[in-house]
Every structure is written in C-alpha cells, then in structure tokens.
There are 2 protein chains.
Amino acid sequence: MNEANDELAFEPHEEELLSRVAWHYYHDGLTQSEIGERLNLSRIKVSRMLDRGRKMGLIHVHINSSYGGCFALEAKLQEIYGLDEARVIPAQESGNINDRLAEAASQYLMGRLKDQEMLAVGWGATVMGTLQRLARTLSYRDISLVSLTGGVSAYIEGVASGRSSQNVHLIPAPLVVSQENIAEAIRAERHVVEVMSMARTANYALVGIGAVADEATLIASGYASRSQFEIFRRQGAVGDIIGIFYDQNGVPLDLPFHKMLVGLDFEALSAIPQVIAAAGGPKKVDAIRAAARGGRIDVLITDEPTAQAIIEKDQA
Amino acid sequence: MNEANDELAFEPHEEELLSRVAWHYYHDGLTQSEIGERLNLSRIKVSRMLDRGRKMGLIHVHINSSYGGCFALEAKLQEIYGLDEARVIPAQESGNINDRLAEAASQYLMGRLKDQEMLAVGWGATVMGTLQRLARTLSYRDISLVSLTGGVSAYIEGVASGRSSQNVHLIPAPLVVSQENIAEAIRAERHVVEVMSMARTANYALVGIGAVADEATLIASGYASRSQFEIFRRQGAVGDIIGIFYDQNGVPLDLPFHKMLVGLDFEALSAIPQVIAAAGGPKKVDAIRAAARGGRIDVLITDEPTAQAIIEKDQA
DNA sequence: GTTTTCGTCGATCATATGATCACGATGCGC
DNA sequence: GCGCATCGTGATCATATGATCGACGAAAAC
C-alpha cells in the first residue's frame with residue numbers, strides 16, 4: 001500500500017509564499033535563484049517549495065488541447081457506449097498506470113467540481129491516488145466527501161486530515177463482513193443509514209473498476225479470497241465496481257458475496273448524476289468494457305492501450 | 001508595437017504530438033531526453049516543442065490557491081467597490097507590468113469563456129497582449145470577437161489570422177476622427193451600426209484603463225495630443241475607458257473629444273454583463289480607482305502595489 | 001539554372017535544476 | 001538531563017535544460 005501520510009496541511013503564510021513563488025516561476029519566467037534573491041530564500045528552498053506545490057496539487061498544469069488525451073479514441077468510446085465523457089491518456093511503457101490515471105482523474109474532477117458540491121467515492125487504489133491529488137481542491141472549494149461503501153476510512157482520513165473545514169462522511173464499517181445477518185445489522189445502524197442516504201445525494205461518484213484476477217485489490221486487502229474469485233469467475237463475473245460483480249454485459253450477478261457488502265447497490269449508484277470511473281491496464285479490459293456496455297458509468301478515464309483493446313473487442 | 005505575426009496555426013498531427021510530449025513531460029515527469037527516445041525525436045526538438053506549446057498557450061499552468069493573486073487585497077477590492085471579482089498579481093520590481101497583467105487577464109478569461117460566447121474588446125496595450133495569449137483558446141471554443149471601438153483592426157487581425165473558424169467583427173473606422181460630423185456619419189454607416197449592435201450583445205467586455213498622463217497610449221498612437229490631455233485634466237479627467245474620459249467618481253465628462261469617437265458609449269458598455277478591466281502601474285492608480293468607484297467595471301485585474309495604493313486612498 | 005533567403009535541425013556549451021549528503025535544531029521518550 | 005529520531009537547511013555535484021551557432025535543405029527571386 002502507498003503511504004497516505006504526507007502532511008497535507010501548511011501555514012496560511014507559507015501558502016501565500018508558495019503561491020507567490022509559483023507565480024514568479026511559471027508566469028514571470030524567473031529562475032529559482034532570482035526568486036530566492038527577491039524573497040530572501042535560498043535557491044534550494046525555492047526549488048523545494050515548487051516541488052511541494054506540484055505534489056500537493058497547488059500547481060496544476062493543464063494541456064489545452066483536444067488531443068490532451070487521444071481524441072480519436074475518446075470520441076469512439078463516447079459514441080459506442082454512450083458515455084458523457086471519455087478521457088484517454090497516452091500510452092507509456094514504464095511507470096505506474098494507476099498514478100497516471102489518478103493524475104488524469106484528479107484533473108478531470110478539478111475542472112468539474114464546483115463549490116460546495118458533494119463527491120461520493122468508492123474503493124480502490126486509483127480512487128485513493130485521485131483523492132490524494134485532489135485534497136487541496138477539495139478543501140478550497142468546500143467539497144464534501146462521502147463514501148459509497150465501508151472500508152475506506154484508512155485512506156480517506158489521510159486525505160482529509162489537517163483540514164477542519166472539510167465535510168467527510170464515512171460509512172463506519174468494513175467493506176465486507178463475514179455473514180449476511182451482520183451486514184444487515186450494520187446497514188440498519190442509524191449512522192450508516194445516514195451516510196448512505198447522504199451518498200445518494202452526491203453530485204458525482206468516483207469509482208474504480210476491479211478485474212476478476214488474482215492481483216485484485218479486493219484480494220490483496222483481504223476482503224475476498226482467490227477461491228471466491230474463482231467461483232465468481234465461473235458464474236460469469238468479469239469485473240466489479242464498489243464490490244459488486246457483474247457479467248460481461250454489466251448486469252450484476254446474484255452472489256452471496258453481495259449480501260455481505262456494506263455499501264450502496266447499483267441502483268443507488270446509477271441514481272447519482274455522474275459516475276466517474278478511472279481504471280486501466282490489460283487485466284481490466286473486460287471489466288471496463290462490461291461496465292461501459294451496461295451503462296454502469298457515465299465518465300471513463302483510462303489509458304490508450306486499454307481503450308484500444310476495449311474498442312477492438314466491440315468492433316469485431 | 002509588438003509583432004503579432006507569429007504563425008499561430010499548425011498541423012493537426014503536430015498538435016497531437018505536441019500534446020503527447022507535454023503530457024509526458026508535465027504529468028509523467030519524464031525528462032526531455034526520455035521523451036525523445038520514446039517518440040524518436042531529438043532532445044532539442046522536444047525542448048523546442050515544449051517551448052512552442054508554452055508560447056502558444058497550449059500548456060497552461062494554473063496556481064490553485066486563493067493566494068494565486070494576493071487574496072487579502074482581492075477581497076478588499078471586491079468589498080469596497082462591489083466588484084464581481086478582483087485579481088491581484090504579486091509585486092515585481094523588474095519586468096513589464098503590462099505583460100504580466102495580460103497573462104493574468106488571459107488566464108481569467110480562459111477560465112470564464114464558454115463555447116460560442118462573444119467577447120467585446122476595447123483598446124490598449126494590455127488588451128492587445130491579452131488577446132495574443134488568448135488566441136488559441138478563442139478558436140478552440142469558437143469564441144466570437146467584436147470591437148467596442150474603432151481603431152483596433154491592426155492588432156486584432158494579427159491575433160485572428162490563420163484561423164478561419166473564428167468570427168471577428170471589427171468596427172471599420174479609426175478610434176477618433178477629426179470632426180464631429182464625420183464621426184456621426186461613420187456611426188451611421190450600416191456596417192458600423194451592425195458591428196456596434198453586435199457588440200451590445202457580447203457576454204464579456206475586455207477593456208484597458210488609460211491614465212491622463214503623457215505616456216498614454218492614446219497619445220503615443222496619435223489619437224490625442226498632449227495639449228488635449230492638459231485640457232481634459234483641467235476639466236477633472238482622471239482616466240479613460242475606450243476613449244471616454246471620466247472624473248474621479250467615474251462619471252463621464254462632457255468633452256467635445258467624445259463626440260468624435262467611433263465606438264460604444266458608457267451606457268452601452270455597462271449593459272454588457274461583465275466588463276473586465278486589466279490595468280496597473282503607479283500612473284493609473286487614480287484612473288482605476290475612479291472607474292471602480294463609478295461602477296464602470298465588474299472585474300478588475302491589477303497588480304499588488306496598484307491595488308494597495310487604490311485601497312489606501314479610499315480608506316483615508 | 002543559379003543565387004539568395006529563410007527556416008529547421010542538431011552540436012556545443014553555459015546555466016538552471018534537483019538529488020544527495022552532512023549538519024544543526026527541534027521535539028520526544030527515557 | 002541525555003540520547004534518539006526527525007525534520008529542515010544549505011553545500012556540493014550530477015544532470016536536465018535552453019541559448020547560441022553553423023550547416024543543411026527548401027522555396028523564392030533573379
């Protein structure tokens with residue numbers, strides 16, 4: 001697991017200084033040394049401030065082009081699956097796909113989120129990365145966060161910490177419990193009911209898409225076992241969103257596992273105005289394709305080879 | 001005058017490549033050499049592409065902070081003068097203030113302009129700089145340009161050239177003519193009437209603010225003489241917007257000069273939903289302050305010392 | 001066809017940048 | 001009070017970057 005413990009808060013004064021440094025650097029084109037002289041800082045400190053600014057999303061580079069992602073693929077995805085929007089990021093051999101998807105997703109959301117809106121979040125590594133990058137934007141624009149499922153406290157709290165103004169509502173439970181009646185009991189808890197009904201009112205939902213593969217985060221984090229996955233696969237599962245497995249048409253399966261989940265169901269998820277999924281990689285092609293075919297998602301953020309693979313399967 | 005003749009159009013294929021390069025550089029953090037290897041380009045070419053991308057506004061750096069401009073000053077300006085929005089850019093000793101204001105103004109407009117809206121533009125060096133930086137955004141979003149006054153053809157045509165899809169409507173006349181009856185005749189011309197009534201329907205107006213000083217662009221470009229300015233000053237003029245001089249309360253003066261202008265009057269200007277002024281520098285303090293007091297503008301983009309000076313005068 | 005002019009390209013080199021290291025300050029537990 | 005860990009700082013150095021220059025090739029002028 002990645003560390004989500006970076007201290008994301010800093011002094012207002014420091015923030016002003018950082019903004020000023022960034023302005024001089026990017027807009028005025030001064031060198032770091034020049035900025036240092038002006039503001040009485042060592043060159044190296046200026047460098048570090050810029051670094052932090054970039055990491056924390058204070059500095060944001062936007063590529064103002066229809067090709068920012070691969071336009072042709074985006075158009076095809078939108079057309080074939082009736083998506084509101086598709087974002088495709090260029091291919092790259094090395095580097096972590098999830099980080100790059102998270103970058104693209106956070107960028108998409110930064111452009112979309114308005115003041116005081118509410119964002120519901122699902123589960124998974126990409127979602128986590130996206131939230132980390134969004135942390136600053138969220139608090140600036142007074143965005144509320146709400147979880148779609150249990151089991152997210154660990155990483156959301158990391159993101160939210162240090163900012164008091166932010167409204168964060170988590171389902172205080174694990175993603176999956178061991179027995180159906182326990183899940184029922186948890187879902188009936190007053191606090192859980194409250195958060196879940198709040199999640200239904202969110203403006204956007206940000207979700208990952210899981211493949212039915214041994215590397216799945218669900219298995220890595222102990223919420224499911226390989227043998228369970230094998231059973232799911234036999235029953236036709238090709239992927240999952242917020243823990244719900246669906247077949248190749250994006251129709252949810254009738255699995256006992258689903259009864260043990262603590263979180264919203266597909267019906268409630270679809271009722272959220274815009275469901276945004278960020279996922280990519282060869283293992284996830286079928287999972288993403290099925291989700292798109294079934295209309296489970298409104299916005300898809302993925303990478304170039306994955307988009308290519310998805311489209312090829314549906315044009316054959 | 002600056003050259004506005006840079007070739008702003010380029011091949012679609014090249015644009016895709018440029019976007020890809022920019023993506024790798026800014027989002028993936030690859031070095032220019034690595035990008036060159038991947039895409040079979042020499043390192044130096046990658047460097048030049050990035051350079052071009054920045055110059056042409058394809059790459060856009062946003063500083064995601066309330067301090068991106070100096071927040072405290074912005075808040076005060078908004079409060080004192082009832083502005084919709086104020087942008088204050090940090091102080092800098094050296095460097096051309098107008099360029100930095102133009103940068104800030106173009107950035108503001110990029111964030112605000114929606115597809116197919118119409119932008120009316122006034123007169124002045126800052127306006128020109130802003131338009132140059134905006135050129136790409138304008139054509140991408142299919143923004144129409146319309147002039148608020150005569151005398152702008154020289155620089156607007158430079159900005160608009162090379163893009164056919166763009167709608168540009170100019171008042172085909174000088175800013176000022178030598179006699180009142182000539183001005184009347186021009187204003188009655190069918191084409192002039194058409195453009196002026198189109199300007200009234202614009203969503204935004206972008207204007208400069210001129211000081212009543214010998215360095216004024218109006219004088220430099222020969223539209224007015226120093227002796228005229230001296231007379232204006234005696235009559236209480238502190239500044240002008242699109243050639244119309246006003247007193248320290250922002251109330252337009254009754255000058256013969258105004259009768260010889262070809263362009264909209266203040267009443268028509270105020271009818272445009274959002275009038276955006278970009279101006280700064282010690283000479284312009286009074287001019288800006290009066291414009292703000294008189295409610296002539298809705299959005300002010302200025303620099304830190306100027307903002308400070310303006311506010312001090314009104315708090316004393 | 002020749003010459004001129006312009007623009008593009010890559011090599012070279014000075015500079016800007018960020019990675020690493022070692023130091024000192026600060027905070028924490030014993 | 002005394003280590004101990006942690007963090008921020010600046011010094012040093014390897015690397016990334018972009019400015020300059022000459023060469024090449026294409027288009028235009030003659």
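Hydrogens, waters and symmetry mates are skipped; everything else that's a heavy atom, side chains included, is used. For clarity, every value in this text was computed on a predicted model and none was experimentally measured. Chain letters run A, B, ... following the sequence lines, proteins first, then strands; residues in each count from 1.
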> Output the single nucleotide from dT17(C), dA11(C), dA11(D) whose closest atom is nearest the side chain of Ile44(B).
dA11(C)
> Can you check whether Leu109(B) reaches Leu206(B) side chain to side chain, under 4.5 Å on heavy atoms?
yes
> For Asp28(B), give me all partners under side-chain hydrogen bond (donor to acceptor under 3.5 Å, both in side chains), at least two apart in sequence or on another chain.
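Checked Asp28(B) against side-chain hydrogen bond (donor to acceptor under 3.5 Å, both in side chains); matches are Arg100(A), His24(B).
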> Between Tyr25(A) and dA16(C), does any side-chain N or O lie under 4.0 Å from OP1 or OP2?
no
> State whether Ser33(A) places a side-chain N or O below 4.0 Å from either non-bridging phosphate oxygen (OP1 or OP2) of dA16(C).
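For Ser33(A), the contact criterion (side-chain N or O under 4.0 Å from OP1 or OP2 of dA16(C)) is not met.
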> I need the CG-P distance between Leu41(A) and dT9(D), as an integer number of Å.
9 Å
> Taking CZ from Arg48(B) and P from dG18(D), how many angstroms apart are they, rounded to a whole number?
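Result: 11 Å.
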> Taking only residues two or more places apart in sequence or in another chain, which ones pass side chain to side chain contact (heavy atoms under 4.5 Å, CB included) with Tyr108(A)?
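Checked Tyr108(A) against side chain to side chain contact (heavy atoms under 4.5 Å, CB included); matches are Glu85(A), Arg87(A), Arg112(A), Gln274(A), Ile276(A), Val299(A), Ile301(A).
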> Please pick, from dT17(D), dC9(C), dT9(D), the nucleotide with the shortest atom-to-atom distance to any side-chain atom of Lys45(A).
dT9(D)
> In whole angstrom, what separates His24(B)'s NE2 from dA16(D)'s C1'?
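For the pair His24(B) NE2 and dA16(D) C1', the rounded distance is 18 Å.
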> Does dG18(C) have OP1 or OP2 under 4.0 Å away from a side-chain N or O of Ser47(A)?
yes
> Distance check needed: dA19(D) P versus Gln32(B) CD, whole Å only.
11 Å
> Could you tell me whether the side chain of Arg54(A) has a donor or acceptor atom within less than 3.5 Å of a complementary atom in the base of dT17(C)?
no
> Between dG8(D) atom P and Asp51(A) atom CG, what is the distance in whole Å?
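Between P of dG8(D) and CG of Asp51(A): 13 Å.
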> Nearest whole Å is fine: how far is dA16(C) P from Ile35(A) CD1?
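Those two atoms, CD1 and P, are 12 Å apart.
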> Nearest to the side chain of Thr31(A), which nucleotide is it out of dG18(C), dA16(C), dG10(C)?
dA16(C)
> Choosing from dT20(C), dT12(C), dT12(D), which nucleotide comes nearest the side chain of Arg43(A)?
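Shortest atom-to-atom distance from the side chain points to dT12(D).
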> Strictly below 4.0 Å, N to O, side chains only: are Glu34(B) and Arg43(B) in salt-bridge contact?
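The answer is no: the pair does not qualify as a salt bridge.
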> Going through the checks in order, is the salt bridge (charged side-chain N to carboxylate O under 4.0 Å, His left out) test met by Glu215(A) and Lys284(A)?
CA-CA 11 Å; Glu215(A) 301 82 7; Lys284(A) 297 199 172 179; over 6 Å; no
